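This report concerns only the one structure given below.
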Amino acid sequence: MNDEKVIDEVIQEVTEAAPHISSGLKRRREYVGEENPSGERQMEADVWANELLQELITSIEGVGEFASEENQEIIDCGDGLSVTIDPLDGSSNIPTNNLVGTIVGIYDEELPCKGTNLLAAFYIVYGPLTTLMLARNGIVNEYIVEETSGDQVELHLGSEDIEIPEAKVYGFGGNKHWAEDFREFEAEISKDYKLRYGGAFVGDINQTLHHGGLFGYPMREDAPNGKYRLLFECNPVAYIVEMAGGASTNSEKSILEVKASDIHQRAPFFAGTQDMVSRIEEELRQPQ
Ligand code: F6P
Ligand code: MN
């Protein structure tokens with residue numbers, strides 16, 4: 001199967017599962033007493049969504065590798081493209097009924113590899129609407145996922161060829177452990193931009209794409225690489241933001257250029273409008 005067809009199938013399988021995942025969350029709100037490979041507490045919903053999406057994606061002909069934030073190891077499925085997934089991003093938001101999502105990257109290289117190897121990336125947001133934000137072939141489109149009869153879905157184009165607008169909002173995670181220079185930077189930009197932080201990467205980056213601005217999860221004093229996983233979270237989201245005319249950085253270079261040596265490795269993450277990403281790079285540049 002050619003790459004475009006494989007990408008079509010991955011998008012189709014995940015979007016068809018989306019209404020089912022959204023409606024299945026209400027019965028899976030307890031913690032299971034286990035941790036994922038990053039040491040985060042797993043909820044029933046994390047384990048369930050992972051198993052469901054793993055089964056669907058590994059069955060696609062032309063998918064060669066499958067890696068999930070919830071699995072220790074890469075699953076080898078034969079020849080083909082590599083698919084990474086964060087099955088339920090922001091799952092700690094479920095008990096408070098805030099946003100969660102699914103993040104997918106489709107790479108043309110064996111994992112772990114750089115974000116420059118992405119052929120397409122997308123995320124689903126399970127909110128008041130279920131939406132698909134898709135970056136592919138140089139264009140970012142947002143679709144509303146509507147369930148029709150018989151487990152089928154229709155995609156309704158909501159925002160076409162998204163270009164990130166001039167900066168209006170900002171948000172950063174991990175404030176209890178910021179270093180002093182980052183605390184000063186945040187204080188400065190809070191004077192000019194409106195704070196928005198929802199606790200789910202998909203939701204926070206979605207409003208950054210719509211309103212313009214800067215979103216990030218910086219290095220922390222207790223965690224120099226921050227919180228987000230490079231392959232499962234940072235790369236797909238950075239790819240979408242860059243394709244929408246924005247920029248991304250780990251504070252030194254584009255997220256997509258960060259070398260990957262372990263599938264679960266983390267990276268400091270910032271993305272948004274180009275001028276704000278340049279500003280944070282200048283601010284956090286270490287004196288030589
Ligand atoms: O996947 C990690 C995640 O759940 C993101 O969706 C979210 O942005 C972040 O963690 C929230 O972290 P914190 O609880 O430190 O604000
Ligand atoms: Mn996540």
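Order of listing sets the numbers, starting from 1, for every ligand and every atom in it. Values in this document were obtained by computation on a predicted structure and should not be read as measured data.
- Looking at Glu44 and Tyr31, their side chains never bring a donor and an acceptor atom within 3.5 Å of each other.
- Taking the six-membered ring for Trp and the full ring otherwise, the centers of Phe269 and Tyr217 sit at least 6.0 Å from each other.
- The distance from ligand 1 to the heavy atoms of Gly90 drops below 4.0 Å at these ligand atoms: 4 (O), 6 (O).
- Here Asp86 reaches the Mn ion (ligand 2): one of its N/O/S atoms is less than 2.8 Å from the metal.
- Considering only non-hydrogen protein atoms, atom 8 (O) of ligand 1 sits nearest to Tyr228 OH, 2.6 Å.
- In terms of polar-atom proximity, defined here as any N/O pair under 3.5 Å, Tyr197 does make such a contact with ligand 1.
- Between Arg41 and Glu35, none of the side-chain N atoms (NZ, or NE/NH1/NH2) sits under 4.0 Å from a carboxylate O, so this pair counts as no salt bridge.
- When only non-hydrogen protein atoms are considered, atom 7 (C) of ligand 1 lies nearest to Gly199 O, 3.4 Å.
- Of the charged side-chain nitrogens involved, at least one lies within less than 4.0 Å of a carboxylate oxygen, so that Arg136 and Glu4 count as a salt-bridged pair.
- Looking at Lys227 next to ligand 1, an N or O pair under 3.5 Å apart turns up.
- By the 3.5 Å distance cut-off applied to N or O atoms, Tyr217 is counted among the residues near ligand 1.
- Contact annotation: Ala200 has at least one heavy atom less than 4.0 Å from an atom of ligand 1.
- For Glu142 and Asn206, the side-chain atoms include at least one donor-acceptor pair closer than 3.5 Å.
- The distance criterion of under 3.5 Å between nitrogen or oxygen atoms is met by Glu233 with respect to ligand 1.
- Near Arg229, meaning under 4.0 Å from one of its heavy atoms, ligand 1 places the atoms 1 (O), 2 (C).
- Aromatic ring centres of Tyr123 and Phe201: separated by at least 6.0 Å.
- Residues Val100 and Val202 fail the side-chain proximity criterion, which asks for heavy atoms closer than 4.5 Å.
- Residues Asn71 and Gln54 have side chains that bring a donor and an acceptor to within less than 3.5 angstrom of each other.
- Taking only nitrogen or oxygen atoms, main chain and side chain alike, Glu69 does not reach within less than 3.5 Å of ligand 1.
- Donor-acceptor pairing under 3.5 Å is lacking for the side chains of Thr273 and Glu166.
- Distances from the Mn ion (ligand 2) to each N, O or S atom of Asp89 single out OD1 as the nearest.
- Between Arg229 and Glu233 there is a salt bridge, since a side-chain N of the basic residue sits under 4.0 Å from a carboxylate O of the acidic one.
- Put simply, no part of Ser92 is less than 4.0 Å from ligand 1, judged by heavy atoms.
- Between Asp89 and ligand 1, at least one N/O pair is under 3.5 Å apart.
- The Mn ion (ligand 2) sits nearest to atom OE2 when only the N, O or S atoms of Glu233 are considered.
- On a distance-only criterion, Phe215 and ligand 1 share no N/O pair closer than 3.5 Å.
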